[in-house]
Amino acid sequence: MLNIIQNDFKISETTCLDEDKVNLVVESVIETIKKGLPEEAQTVEALEFITDRIKERVKEKRIEL
């Protein structure tokens with residue numbers, strides 16, 4: 001079980017995620033990234049570059065699902 005603690009100035013809550021579900025999401029994201037890249041760009045370096053960009057973007061705005 002993975003606990004994610006969200007600490008906001010107005011609210012504080014804990015979200016629990018099952019590790020199996022997290023792993024499924026990770027695999028799904030990797031597959032989606034691979035599908036968007038040409039075969040020669042499907043490298044660890046390219047994946048790291050893209051995930052770094054995702055982390056930057058996530059920090060810029062709040063994601064509401």
Side-chain angles (χ1 to χ4, degrees):
M1 188 69 64
L2 174 67
N3 290 326
I4 298 174
I5 300 171
Q6 178 181 341
N7 204 351
D8 200 325
F9 291 113
K10 296 178 183 175
I11 59 171
S12 180
E13 62 181 67
T14 301
T15 303
C16 296
L17 297 173
D18 184 285
E19 192 161 348
D20 290 338
K21 294 209 185 265
V22 172
N23 290 334
L24 287 173
V25 171
V26 168
E27 291 303 319
S28 175
V29 169
I30 291 170
E31 285 303 311
T32 299
I33 292 171
K34 284 175 61 178
K35 287 178 185 175
L37 295 173
E39 190 172 340
E40 65 273 9
Q42 294 181 14
T43 64
V44 171
E45 294 80 12
L47 185 63
E48 287 175 339
F49 177 79
I50 291 169
T51 54
D52 287 344
R53 284 284 177 96
I54 291 169
K55 285 190 273 187
E56 290 171 12
R57 184 75 48 93
V58 167
K59 290 177 184 177
E60 292 172 3
K61 59 184 161 185
R62 185 179 183 110
I63 297 177
E64 306 247 351
L65 302 176

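The analysis underlying the following values was restricted to heavy atoms, covering all of them including side chains, and did not include hydrogens, waters or symmetry mates. In this text, all values refer to a predicted model and were calculated from it rather than measured experimentally.
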- request: Any chance you could lay out the side chain to side chain contact (heavy atoms under 4.5 Å, CB included) test for Val22 and Val26, step after step, and finish with the verdict?
  value: CA-CA 6 Å; Val22 172; Val26 168; 4.3 Å; yes
field: Residues in side-chain contact (heavy atoms from CB on, under 4.5 Å) contact with Val29, at least two apart in sequence or another chain
entry: Val25, Ile33
task: Please collect all salt bridge (charged side-chain N to carboxylate O under 4.0 Å, His left out) contacts where either partner lies in residues 29-38, sequence neighbours excluded, each pair once.
output: Glu31-Lys34
Can I get a per-line list of side-chain donor-acceptor pairs under 3.5 Å for residues 46-56, giving both atom names and the distance, sequence neighbours left out?
residue : atom : partner : partner atom : Å
Thr51   : OG1  : Leu47   : O            : 3.1
Thr51   : OG1  : Glu48   : O            : 3.0

- prompt: Side chain of Thr32, backbone of Ser28: donor and acceptor closer than 3.5 Å?
  reply: yes
- request: First locate atom CG of Leu17, then atom CG of Asn23, and finally report the distance between them rounded to the nearest 0.5 Å.
  value: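 Interatomic distance, Leu17 CG to Asn23 CG, rounded to 0.5 Å: 11.0 Å.
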